[in-house]
Amino acid sequence: MPGLSFTLPHLAYLAGLVLFPIIAMVLARRPRQGPARYTTPLAYLILVTGGMIGLHRLYVKNLWGLAFIPIFGLILYANAMGSDARTALSDASNAQRVAERTLERERPRVTEAEAELDALRAAVAEAEAEEGSFALRSAERRLSRAEGRIETGRERIAQAEAELAAALPMVAAASAERAFWTGLARNAFYALLALMALDALLLPLLVRGANVRISETAATVEDRRLRALEEAERKADEEHVSTGATGLIDRISLYAGEFVAYWAVIAVFVYYYEVIARYVFNSPTNWAHEAMYLMFGMQYLIAGSYAMLTQAHVRVDIFYAPLRRSQKAWVDLLTSVFFFIFAGTLLVTSFIFAWDAITVPSGNGLISQWARGQISSEALVAQFSWAQFIDPAIRWGEISFNEWEVPLWPMKWMMVLGAVLLILQGLSKLARDVQTVFAER
Amino acid sequence: MGLDISIELLTLIMFGSLLALLMAGLPLAFVTGGLACVFLFVLGDANALNIVPSRIFPLMTNYQLSAIPLFIFMAAMLERAGIINEMFDVIYKVLGGVRGGLAAATILASTILAAMVGVIGAAVVTMGIIALPAMLKRGYEPKIAMGSIMAGGTLGILIPPSILAIIYAVVAEQSVGELFIGAVIPGLMLSGLYILYVTVTAYIRPSFGPPIPVSERVSGAEKLALLGNMSAPIALIVIVLGVIFTGVATPVEAAGIGTFGAFIVAAIHRKLDWATIREACLTTLKASAMVIWIMFGATIFVGLYVLEGGQQFVQDALAGTGLGPWGILILMQVILVVLGMFLDWVGILLLAVPIFVPIVKALGAQAFGLENADDLVLWFGVLYLVNMQMSFLSPPFGYALFYLRGVAPAEIPMTNIFRAALPFLFLQVAGLVACMLYPPIITWLPNLVYG
């Protein structure tokens with residue numbers, strides 16, 4: 001099975017987080033054209049991402065796609081068996097190595113002891129002349145010790161030889177088994193690739209066929225009500241945007257929210273990639289999980305002001321909802337004190353938190369040096385170069401402890417940004433409440 | 001300022017001001033966050049405020065939590081693909097010939113839906129639009145019709161993947177997968193009880209749930225073809241829950257795969273375009289921001305309260321009531337259900353669970369006839385989920401009632417909606433009691449799977 005050893009570069013990660021939402025925002029604003037049909041580009045996208053499971057055929061409602069699933073299942077099964085065989089192989093070759101090492105160690109010892117044996121026997125015979133003497137006792141003791149050593153050595157050799165004899169066929173069997181399963185997985189994978197290549201040619205035909213078979217059923221009353229509800233929901237977010245100066249703030253929250261909202265789409269494809277890489281190509285990544293939870297972490301912070309604008313933050317409205325508009329404005333003015341305490345504290349403390357992430361000793365970029373007060377602002381501007389961005393050895397601040405070593409400081413600065421957006425949104429609401437209160441007079 | 005306030009007084013001030021600000025309509029996230037900052041300053045000093053980012057950052061980098069936006073995203077995509085609609089249509093055609101079949105179909109569709117969706121709003125609203133007119137048109141008793149929609153909708157909290165279960169697992173430091181599995185049997189049991197109830201009622205009082213006329217029924221072959229239409233969403237559920245339960249992938253990865261599947265299902269229904277994706281993304285963003293910001297505020301607030309000895313205080317106060325372990329457990333559940341009438345579910349979880357779980361642990365697993373502490377926390381977690389379900393359905397403020405009110409015909413008075421919920425609420429109590437008296441309903445399956 002071919003491996004996938006792809007590590008997402010940090011710069012590509014950050015660039016993706018910026019570029020993908022921009023593309024999505026542009027695409028989502030194109031008007032819908034006519035009745036929905038099956039499209040060839042989407043079919044190819046599905047072929048590339050899910051073609052191994054036959055999803056492209058299922059997309060065009062062609063049930064032959066189901067035929068891909070057993071082959072795909074075979075790959076997963078063969079991979080699982082292959083990794084079992086690998087474990088067995090490493091156990092068996094371990095046993096083999098241990099036995100071989102024992103033989104290596106014991107054999108010379110035994111030969112050495114055997115060589116000494118004659119000399120020792122001669123010594124005993126010589127010493128026998130003086131019966132009961134100290135020399136005889138010591139010579140006899142040395143002889144019996146040497147004999148004992150030979151005996152245990154022979155035992156060990158016999159045991160190790162038996163173990164080796166048992167291990168060798170196991171190693172052979174396990175490696176044969178492993179070769180069989182990896183070969184099977186590889187062949188099944190190539191078979192799938194061949195089928196996908198064939199389908200890549202057939203796909204336009206399949207799409208055309210599916211479009212011919214579309215039968216539109218008349219929309220029922222319920223369908224129309226559902227669609228109206230969705231339509232209302234869609235417009236509702238934009239209706240929260242006010243006019244004038246506060247409208248500008250509202251629009252910032254609206255766009256910032258929409259921008260980070262598209263990150264969820266990235267996560268879907270990255271997690272899918274991770275699982276496929278792990279189970280089909282046996283190469284789990286070291287970046288997918290971290291990249292995604294950090295991305296969502298940033299999303300939550302930026303989303304705070306969007307949720308505030310669209311009033312998605314839940315509140316208890318038993319007493320609040322029945323109030324008149326001006327009463328609501330008054331109550332909001334009073335409670336906004338606590339909102340600003342929270343948002344203000346968040347801004348100040350997260351700024352300290354984020355600043356600390358830049359000044360950490362491990363930060364070796366010019367910005368870090370400047371933040372630590374080691375170089376002046378003029379020096380920062382004068383020495384700043386493109387290398388600060390692209391040199392992988394340069395760190396602007398705190399990085400993650402995990403293997404991927406992604407910079408953590410941008411996530412901490414997102415907290416500051418989130419707090420700024422939240423305060424701006426709070427000011428927008430405050431201004432509108434003041435307006436309402438004065439309009440009442 | 002470093003004021004020294006006794007814990008009794010502090011409890012009163014902290015929760016009194018919490019209540020006052022909540023009633024004034026400030027969103028829960030900002031109430032807890034703002035008050036936490038005020039009390040951090042009052043009880044400590046300006047430096048203590050630096051706790052704020054250092055409590056928020058771990059939540060931002062929490063791996064398990066990223067399952068929340070992903071599961072919401074999956075539900076949002078499936079909803080826009082028209083799955084809910086189609087599912088009811090299929091099940092109701094299959095079951096329509098049976099007495100009470102439409103109500104049973106509603107509950108069954110809600111159960112399947114609950115296995116795709118972790119929140120309840122969408123299910124109740126959509127079923128209210130599709131299933132309610134269908135049942136009323138065919139002469140169903142409105143109370144049965146509305147009750148089955150609301151009760152079915154609340155199953156989303158219990159049946160995995162439930163957002164609430166993920167948050168409980170994160171707060172109580174449990175495995176998400178174990179909690180998911182633990183909630184399966186209670187969820188199916190409740191769903192079964194509802195179906196049994198509507199079917200039995202329809203047989204006793206035939207006018208409550210008449211079968212649809214013979215002319216509208218479909219043949220066996222057509223039924224099979226209809227079920228074929230449902231294969232894609234069902235396969236999706238099997239894959240998502242299957243990979244979680246077998247431990248092949250983490251709940252987060254399962255959510256990612258599930259959302260990928262939801263994209264494909266939407267594509268098959270010709271609903272996958274950028275405008276749809278945008279709407280689903282924005283829905284997801286709002287729902288997850290709502291949940292996570294409450295977590296931000298509430299963890300600081302409750303963390304401070306626990307730090308000041310609040311947890312010990314509540315524990316002593318409960319011990320002082322002279323109730324046994326069971327009495328304390330029941331008291332805690334009553335508190336949960338009452339809180340549920342006013343507060344949002346995420347808020348309740350974050351305010352109550354960090355205080356309640358240590359108390360339950362201190363009472364010990366043996367006091368409830370359980371084997372070990374892990375089982376105990378799991379058991380309490382699922383009981384908590386059932387409690388939350390009840391609070392969604394309990395008049396006068398249960399969310400499900402208001403979701404349905406929003407889409408039900410105007411001529412149905414609110415009191416009728418309340419009354420419709422009552423029998424199902426009673427069934428939930430029965431289910432809860434069963435789970436309490438016989439814990440293996442909850443603990444058996446997780447122990448079987450995880451050993």
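Each chain gets a letter, A, B and so on, in the order its sequence line appears, and its residues count up from 1. Bear in mind that the values here come from a model prediction, so they are computed numbers and not experimental data.
In summary, the aromatic rings of A/Y44 and A/H56 are positioned with their centroids too far apart to meet the 6.0 Å limit. Aromatic rings from A/F338 and B/F30 are positioned such that their centres are separated by 6.0 Å or more.
B/F263 touches chain A through its side chain: at least one heavy atom from C-beta onward sits under 4.5 Å away, while N, CA, C and O do not. Looking at A/S350, both its backbone and its side chain come within 4.5 Å of chain B, counting heavy atoms on both sides. When heavy atoms are compared at a cutoff of 4.5 Å, B/V265 does not approach chain A at all. Heavy atoms of B/T276 lying under 4.5 Å from chain A belong to its backbone as well as its side chain. In this structure, chain A has no heavy atom under 4.5 Å from any part of B/V346. Using a 4.5 Å cut-off between heavy atoms, A/M25 makes no contact with chain B at all. Residue B/I264 touches chain A through its side chain alone, counting heavy-atom pairs closer than 4.5 Å. Heavy atoms of B/I294 lying under 4.5 Å from chain A belong exclusively to its side chain. Contact annotation for B/Y63: both backbone and side-chain heavy atoms come within less than 4.5 Å of a heavy atom of chain A. In this structure, chain A has heavy atoms under 4.5 Å from both the backbone and the side chain of B/L272. Of the atoms belonging to B/D273, it is side-chain heavy atoms, and not backbone ones, that fall under 4.5 Å from chain A. With a threshold of 4.5 angstrom between heavy atoms, B/L22 approaches chain A through its backbone and through its side chain.
In this structure a side-chain-to-backbone donor-acceptor pair under 3.5 Å is missing from A/D433 to A/D332.
Relative ring orientation between B/F296 and B/W293 is described as perpendicular, the plane-to-plane angle rising above 60° on a 0-90° scale split at 30° and 60°. Ring geometry for A/F20 versus A/Y262: interplanar angle over 60°, hence perpendicular rather than tilted (30 to 60°).
Between B/E79 and B/K271, none of the side-chain N atoms (NZ, or NE/NH1/NH2) sits under 4.0 Å from a carboxylate O, so this pair counts as no salt bridge. Taking a cutoff of 4.0 Å between a charged side-chain nitrogen and a carboxylate oxygen, A/E238 and B/R278 qualify as a salt bridge.
The candidate with the highest count of non-hydrogen atom pairs below 4.5 Å against chain B, out of A/L408, A/I302, A/T345, is A/T345. For the set A/L42, A/V337, A/L301, the entry with the most heavy-atom pairs within less than 4.5 Å of chain B is A/L301. The choice from A/L55, A/I46, A/V265 that makes the most heavy-atom pairs within less than 4.5 Å of chain B is A/V265.
Interatomic distance, NE2 of A/H289 versus CD of B/E253, reported as 3.5 Å (0.5 Å rounding).
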A/S400/A/E290 under side chain to side chain donor-acceptor pair (under 3.5 Å): CA gap, chis, key distance, verdict:
CA-CA 9 Å; A/S400 145; A/E290 199 179 13; 2.4 Å; yes

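Each of A/Y300, A/Y293, A/W413, A/F353 was scored for a ring pair (Phe, Tyr, Trp, His ring centres under 6.0 Å) with B/F57, with one residue passing: A/F353.
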